[in-house]
Amino acid sequence: MGDQGTVWLPEAASTVAGDVDALFYFILWVSTILFIGVIGTMVLFAWRFRRRSSQDRPQPVRENKLIEASWIVVPTLLVAIVFVWGFRVFLELGIAPPNSYEIDVRARKWSWLFEYSSGAQSSELHVPVHRPVKLRMISEDVIHSFFVPAFRVKADVFAGRYSYVWFEATRQDTFVVACAEYCGMAHSQMLTRVVVHSQDDFENWLANNAADADMTPAERGERLYSQQGCFACHSLDGIELTGPSFQGLAGSTRMFTDGTSAEADANYLRQAIVNPAAEIVQGYEALMPGTYSSLSAADLDALVAFIEAQ
Amino acid sequence: MAQGHHIIPIRTLAVVFAVLVALTIITVITARIELGVANVPLALAIAGSKALLVAIVFMALKYDNQVNVLVLSLGVLFAVVFLSLTLADTELRGVLGITDAGTTVIAVEAEEVLQEEPVPVAAYQAPEEVYQRYCITCHSLDGTVGVGPSLTGLTDRQPPDSILQSIMDPDVIVVSGYTGLVMQATLNGLGFYTNVSDASVDSLIAWLGDQ
Amino acid sequence: MSQAAGTLKHYFVTSEQQFDAAKMGMWLFLVTEILLFSGMFVAYAVYRAWHPEVFAHASELLDWRLGGLNTLVLLASSFTVALSIHFVQKGQNRKVVVLLLITLLCVAIFMVIKYFEYTGKFAHGIFPGAGYAPHGEAYAEYDIPFAPQFFSIYFIMTGIHGVHVLVGMGLFVWLVTRVVRGHFSSAWYTPVELTGLYWHLVDIIWIFLFPLLYLI
Amino acid sequence: MHEGSYLGASRGLKSWLLTTDHKRIGILYAVAIAAFFLLGGILAILVRTELTAPGETVFGQDQYNQLFTLHGVVMVFLVIIPGIPGILGNFVLPIQIGAKDVAFPRLNLASWYIFMAGAVLAVLGWLLVGKVDTGWTFYTPYSSGASNAVLWLTSAVFVAGFASIFTGLNFIVTVHKMRAPGMTWNRLPLFVWAIYATAIVQVLATPVIGITMVLLFLEKLLQIGIFDPALGGDPVLFQHFFWFYSHPAVYIMILPAMGIISDLMGTFSRQQVSGYTFIALSSVAIAFLGFLVWGHHMFVAGQSALSSIIFSMLTFLIGIPTGIKVFNWVATMYKGSVWLQTPMLYALMFLFLFTIGGLTGIMVGVLAVDVHLHDTYFVVAHFHYVMMGGALIGLIGGLHYWWPKITGRLYNETAGRIAAVLVFIGFNLTFFTQFILGSRGMPRRYHDYSALMDVMPEAAMLNLASSLGSYILAAGLVMILVYALHSLFRGKLASANPWGACTLEWTHTGPVPDAHNFHETPLVTRGPYDFHLADDVFGSDEEDS
């Protein structure tokens, strides 16, 4: 952990950090100027017009409409600027580039678990440098919040619903990951590190850890595929059985019987497992049972990962 | 008359009451007619008119100090603010990809399930229908092995009691070469256990004996 | 006028001022009631928007005939309360007593019907929250996700409304005793009018609950 | 004490506990709130003590979590929200508009008892059931899965809410219906305008915290599945419910303080308050806009992007009426006769601290910056600058200002000034350091920050400074308590109008108002700050001290 940042902000180590910092400093300096102006005037008036005797008889000052109007208009303009600016950077923070490398994040009292597409799992986050990384996060209990000060990103993590955060690290180093949403007793211990590797090191790390991990999500998914009897209706080789084949399913566009359509992304796949009747793909019937909703969250993730791999 | 208040004539009160009763009847009738998306707004519009009538005449807002009208309007206004700004979140999550669509991925949404008309529990169903609806996907009648074993000559292999158990509780005995859990999960999902009467199951077993 | 003078508190200048203050206070209180119920309406709207089919389906379990009857009963009670204010303004206290007693009867009918609706649901395992376990013919099919939310909201909304009805009942009993003892006259009848306002609001809330829960 | 004054009108504990006199009810509130402030303050000192050094210093993490939860609940619900309306609103408002009492005196007394019932529930829950560590925000599903004492605390908040509603309701009706002849809307003192705007918020927002607490209670008791994701509920919906009240509640806290500052600026500058109409209407504008911004607490809580954008935009709108107030306060001193007595020192301190609180509010209202600052100490510092630097400093200033009217005695001016300086230094040392801690990345509600020391080695020094500041702040507050008690028993008797103020409570009543405020209903002929028309308020014998 090299650079310590500035007095106000921690080291900046992501592509968005620069934009956030620029806005932060803009508001900080405008605020400082305003503050000095207001408080300076206050001190000046308090001294200049201090009471000299109890017989002082100040005459009322006529209200100056121009001044009243100006301190309505000027602040309005200033806040309009920072709103639009903040809004633009917010969009940048919110929309992950399409080529992002995805990592699954599981938050629970009081630790983080990171799962990589290769099957590696770790309690510290490992990411490649100069590559957008998108985290798909879910909680197993209460609300947590994923916070990397050096990247200027933060997002709450809920049970029962994915939330996302993305960043692109700009420096090989390690940074702190904290839980920002109060989550109970050991909230302040729910810290870990994000290790930024070079692209090669990252591949190596993945390879080394995939070997050590007992099974990848996709492998666990494969086991579940046979355990749960999915093969009965879903082939892996494109042959149409009772249900759609899994081959090439992920990422394809699904046309539904009600005329709508959707892309088969992770959320769709998960939805289709836990609630198959919600959307019926054209050419199929609503035959699949809804009982798979009782699978554990980890098993569902594994199945989704398995389907995505086909 | 020290308070100097407007006394609302009995006639006015009676007319308003009659209109309220009429509107109640209308809202019941219109709600029972299928109007698609119009049902909800219509019912709310009728309820709104009724509420307005009660407020204006029964609560005498028409004759009251204007400030009380303002007070009531503010209350309603902020209830609407609460409602609409909350819905601006709950209905639009997922815009910009900041979070994903929908509210819960783990919880099951059951709306579409309901669109299938549930089969009445007591109704008797012919064994052919039952077979077509619940069994054919996995069990053939021509000896070919699918997800499950073929049902030809089943009664030669198993007594009726055992067949009944295999249907109602398929995981007690799983024939080697086949996968457990699948049948019960499928039948559960299709609503077999709630929708097929005991009599139908009995006749299904008898019918299987003839195959 | 003597009665009116007797009821004027020392910190008011005129009885008109005192009456206006009381009435405005009541209206403000009614606004807090609206905001209190708005929370439940928001919960209803959010879950209905998320699960429209479940809510439409679950509302079919509620008997619109009983709900409709209760609506009429409440409207009738609002009418009799409005009439009783009419007559107290004219100083015809005997009629006021009769009308208030009719109102009380309506309130009682409302609560009795509510009692049968509730027990009918409980008998089939329709409880708010974790106790939700519908069983029995025509009920078992309601064992679907988010139906518990509908019934929880139903029980909370009608339950809190029911508490308001009970409070209203107490107020009417109290009013009847005061009318009988001759406390009110055409010159001073503030409690009757304020109780009336309260009761009409309880009615208005039900006017919205009925279609939302029973009809659509 | 003066015969016939409200203090000496009747004697005995019963005459206080059953009083319907708004002035005595104000005193009842003052005593209760002072006790809760002491409790909340002790909890704050304990929290700061734990944080003096990294690692576990005094308390375990479980105890620490309970400490900051109780500190939050006590300070928010039992001190700041009821504080100014309960104490000064009750005491001053009816006299300032020339009324003999509030519109519903018995309801007023009832609201104090309801408030106390709420407080007793909270304390009982703490003593009997114990552990509550949810934070004062009670976020689900943590709260719905936590210990049973949460039920007690939510009930307490529910009950205390009614006290707030009844107080607000009373003040609205009082301002509308009880004004003396000639007391037109544009002659209302700005304190009355502020309390009036506050009362609107109390009446409109508080019922929602009521129903929120009921739903949370039922979620916990029956698992109704509205807020708990494990049951198909939505935890963010709880946050909507909670903040629909709790954000407007911020204005319940700060608006009355703004009213006090307006009165102080006018009186101690002997000058017409600049932009009277703008200040009055900006109070009402803030009250209404305050309802439209609650979602800015949820920018990273997964609400829809559209909501975040709407709420961020509306948040900035609030900055404008707030700015109008600040600029006008400063302008009021222009060509005035600025008398730097203790209350005025607090008014200037308020301006200093509140301006920082407001400007940092802009910072956390900006979408992209808030993503970084949300749930860090930056936010903690921001709201303490507004809640304590604003609301509580306003209350303390107001108490100094009206102290002679309430007690009939003067406090030691020198002690008052020394304490003010201590409070000012202590406050800034405590909380300015937290801005830096937060923007550097220290999350809030952290029992132990040792793991952060790798990346922010200055955390130990800043936290230590903050804790030392809190001790200085506490010393200043204790000093106020001491000289206030001294003044009660030994203080110099005050004249009817020691500050040369122009509003009714100083000019139409004696040194201490009598039980009915006014023997004859006053006829108001001038505005609240028309010092140039008011020769009667000058020539008071008070010497400059």
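What you see below is based on every heavy atom in this structure, not just the backbone, and it leaves out hydrogens, waters and symmetry mates.
Between A/His187 and D/Tyr446, the ring planes lie perpendicular to each other; the angle is over 60°, past the 30° to 60° tilted range.
The two atoms that bring D/Ser269 and A/Pro58 nearest to each other are O-CG, 4.1 Å, heavy atoms only. The shortest non-hydrogen separation linking D/Ala301 to A/Phe158 is O-CZ, 3.0 Å.
Against chain A, the residues from residues 323-330 of chain D that qualify, each with a non-hydrogen atom under 4.5 angstrom away, are D/Ile324, D/Val326, D/Phe327, D/Asn328, D/Val330 in number order. Contacts of residues 64-72 of chain A with chain D at a heavy-atom distance below 4.5 Å involve A/Glu68, A/Trp71, A/Ile72, listed in sequence order.
The backbone N or O of A/Met185 lies less than 3.5 Å from a partner atom in the side chain of D/Asn65, making a donor-acceptor pair. Although no hydrogens or angles enter the test, the distance criterion places no donor-acceptor pair under 3.5 Å between the side chain of A/Lys154 and the main chain of D/Val300. Not one N or O on the side chain of D/Arg440 forms a donor-acceptor pair closer than 3.5 Å with the backbone of A/Trp8. Here the side chain of D/Arg445 pairs no donor or acceptor atom with the backbone of A/Ala180 at under 3.5 angstrom. The main-chain N or O of D/Asp133 is found under 3.5 Å from a side-chain atom of A/Tyr182 such that the two form a donor-acceptor pair.
In this structure, chain A has a heavy atom under 4.5 Å from the side chain of D/Ser308, while its backbone stays farther away. Both the backbone and the side chain of D/Tyr142 come within less than 4.5 Å of a heavy atom in chain A. For D/Phe435, the parts lying near chain A are the backbone and the side chain together; criterion is any non-hydrogen pair under 4.5 Å. Heavy atoms of D/Leu452 lying under 4.5 Å from chain A belong exclusively to its side chain. For D/Phe68, the part sitting under 4.5 Å from any heavy atom of chain A is the side chain, from C-beta outward, and nothing else. D/Thr134 touches chain A through its backbone: at least one of N, CA, C or O sits under 4.5 Å from a heavy atom, while the side chain does not. When heavy atoms are compared at a cutoff of 4.5 Å, A/Val38 approaches chain D by way of both its backbone and its side chain. At a 4.5 Å heavy-atom cutoff, the contact between D/Gln239 and chain A is made by side-chain atoms alone.
For A/Phe24 and D/His372, the ring centers are positioned 6.0 Å apart or more. Ring pair D/His374/A/Phe147: centre-to-centre distance not below 6.0 Å.
Judged as a salt bridge (charged side-chain N to carboxylate O under 4.0 Å, His left out), the pairs with a partner in residues 367-379 of chain D (not counting sequence neighbours) are, in order, D/Asp375-D/Arg444.
Here D/Leu373 contributes atom CG and A/Leu9 contributes atom CG; the two are 8.0 Å apart, rounded to the nearest 0.5 Å. The distance from the CZ atom of D/Phe531 to the CG atom of A/Asp56 is 12.5 Å, given to the nearest 0.5 Å. Atom CG of D/Asp454 sits about 8.5 Å away from atom CZ of A/Arg193, to the nearest 0.5 Å.
With sequence neighbours excluded, the residues satisfying ring pair (Phe, Tyr, Trp, His ring centres under 6.0 Å) with D/Phe268 are D/Tyr401, D/Trp499.
Proximity of D/Leu367 to A/Val89: side-chain heavy atoms (C-beta onward) are nowhere separated by under 4.5 Å.
Highest contact tally toward chain D, considering only A/Ala46, A/Gly37, A/Pro75, is held by A/Ala46 [criterion: heavy-atom pairs under 4.5 Å]. Between chain D and the residues A/Leu78, A/Val84, A/Val82, the largest count of heavy-atom pairs under 4.5 Å involves A/Val82.
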